[in-house]
Amino acid sequence: MRKLLLFAAMIAVAIGCSQPDTDEQFVVDIDTVEGLWIVEKCECYKYEKLYLYNMAHSGISKYHQDSHLIFSPNGVCKQLYTEYVIGGDNHSYYQNPIEWSFNADTKVITLTNNNLKEPYRSFAVTELKVIKCDNGDFILEGLQPTPYDYTDIHFRLYGKIGSAEQLAEYESKHSDTSTGKDEYI
């Protein structure tokens, strides 16, 4: 009986060892992040603890952390968002242009919103680490630029890299920048 228990314990350890220890093992070599990155799921972590994040209200502000992103080759990133009319079905699609750079060695995307004014500049420059990029699926971890205080908070974004057709559709649909009042710029 002891041998059977010992054998079962060894199998359990072997199975546990075959599982990935960290998401870092999923990173694949990518040289560029250019294109459309469609965020399908978002998790919020505060003090390294997972919190619920309501995707039902996502994309209604240019500063939401689950914005879809279009990385253009000229160093401009477009955060895509929608503004809804309260009490109606009408809405407008916008883009918030920011700057981006990518370090292929560290797999880190640096995002910069130079339009945020003081005192809202604490998170004007942020980073998203590419945790996974495989067969068009991605996982990013970090923050998009925001005027809000996200001290000790980061997000994990799950999604897919869009096709050329989707890129053209999203660029056409989100062709304008918002002219509404924005207290942060």
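Computed from a predicted model, the values in this text were never measured in an experiment.
- Counting only heavy atoms from C-beta outward, the side chains of L128 and L143 never approach each other to under 4.5 Å.
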Using the side-chain contact (heavy atoms from CB on, under 4.5 Å) rule, take E183 and Y120 through it: C-alpha gap first, then chi angles, then the decisive distance, then the call. CA-CA 10 Å; E183 62 188 285; Y120 307 109; 4.2 Å; yes

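- Contact annotation: the side chain of V39 never approaches that of F155 to less than 4.5 Å [non-hydrogen atoms, C-beta and beyond].
- Between Q144 and L157, some side-chain heavy-atom pair lies under the 4.5 Å cut-off.
- Using a 4.5 Å heavy-atom threshold, the side chains of F123 and P145 count as separate.
- If you take CG on L167 and NE2 on H68, they are separated by 13.0 Å, rounding to the nearest 0.5 Å.
- Nearest heavy atoms, C44 versus I153: SG-CG2, 3.9 Å.
- Residues T177 and N96 have side chains not in contact (no heavy-atom distance under 4.5 Å, counting atoms from C-beta outward).
- Taking CD1 of I139 as the start and CD of E43 as the end, the distance is 8.5 Å to the nearest 0.5 Å.
- In this structure, the ring pair (Phe, Tyr, Trp, His ring centres under 6.0 Å) partners of Y45, at least two apart in sequence or on a different chain, are H154.
- Screening Y158, Y170, F138 for a ring-ring contact (aromatic ring centres under 6.0 Å, His included) with W37, the sole residue that qualifies is F138.
- Contacts of Y148 classified as side chain to side chain donor-acceptor pair (under 3.5 Å), with partners at least two apart in sequence or in another chain: none.
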Do F102 and V108 pass the side-chain contact (heavy atoms from CB on, under 4.5 Å) test, and can you show the C-alpha distance, the side-chain angles, and the key distance before you say yes or no? CA-CA 6 Å; F102 177 63; V108 171; over 6 Å; no

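- From I70, atom CD1 reaches atom CD of Q166 across 11.0 Å, with rounding to the nearest 0.5 Å.
- Every residue meeting the ring pair (Phe, Tyr, Trp, His ring centres under 6.0 Å) condition with Y94, not counting sequence neighbours, appears here in chain and number order: Y81.
- Annotation: side chain to side chain donor-acceptor pair (under 3.5 Å) contacts of E165 (sequence neighbours excluded): S163.
- A donor-acceptor pair under 3.5 Å links the side-chain atoms of W100 to the main chain of S72, judged by distance alone.
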What verdict does the salt bridge (charged side-chain N to carboxylate O under 4.0 Å, His left out) test give for E141 and R156, after you've listed the backbone C-alpha separation in whole Å, the side-chain angles of each residue and the deciding distance to 0.1 Å? CA-CA 4 Å; E141 190 168 271; R156 186 170 270 200; 2.6 Å; yes

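- The two residues N115 and P97 have their closest heavy-atom pair at ND2-O, 4.4 Å.
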Between Y184 and N113, does the side chain to side chain donor-acceptor pair (under 3.5 Å) criterion hold? Intermediate values first, please. CA-CA 11 Å; Y184 306 113; N113 185 337; over 6 Å; no

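- The backbone N or O of D137 lies less than 3.5 Å from no partner atom in the side chain of D134, so there is not a single donor-acceptor pair.
- Closest non-hydrogen pair, G142 versus Q65, comes out as O-OE1, 4.4 Å.
- With sequence neighbours excluded, the residues that form a side chain to side chain donor-acceptor pair (under 3.5 Å) with D149 are T151.
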Go through it in stages, so that I can follow the logic: the residues are E127 and L111, the test is side-chain contact (heavy atoms from CB on, under 4.5 Å), and I'd like the CA-CA distance, side-chain angles, deciding distance and then a yes or no. CA-CA 6 Å; E127 292 182 341; L111 300 170; over 6 Å; no

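- Here the side chain of S172 pairs no donor or acceptor atom with the backbone of E169 at under 3.5 angstrom.
- For the atom pair CD1 of I98 and SG of C77, the computed distance is 4.5 Å after rounding to the nearest 0.5 Å.
- A donor-acceptor contact under 3.5 angstrom links the side chains of E99 and N114, judged on distance only.
- Side-chain N or O atoms of Q95 include one that pairs as donor or acceptor with a backbone N or O of S175 at under 3.5 Å.
- No continuous path of hydrophobic side-chain contacts links L116 to V76 [ILVMFWY only; heavy atoms under 4.5 Å].
- The side chain to side chain donor-acceptor pair (under 3.5 Å) test applied to K173 returns no partner, not counting sequence neighbours.
- Note: K160 NZ to N135 CG = 9.0 Å, rounded to the nearest 0.5 Å.
- Not a single donor-acceptor pair under 3.5 Å links the side chain of K49 to the backbone N or O of K46.
- The backbone N or O of H174 sits nowhere less than 3.5 Å from a side-chain atom of K78 that would complete a donor-acceptor pair.
- We find the CD1-OG distance between I109 and S101 to be 9.0 Å, quoted to the nearest 0.5 Å.
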With side-chain contact (heavy atoms from CB on, under 4.5 Å) as the criterion, how do I38 and L69 come out once you've worked through the C-alpha distance, each side chain's angles and the decisive distance to 0.1 Å? CA-CA 7 Å; I38 301 170; L69 302 167; over 6 Å; no

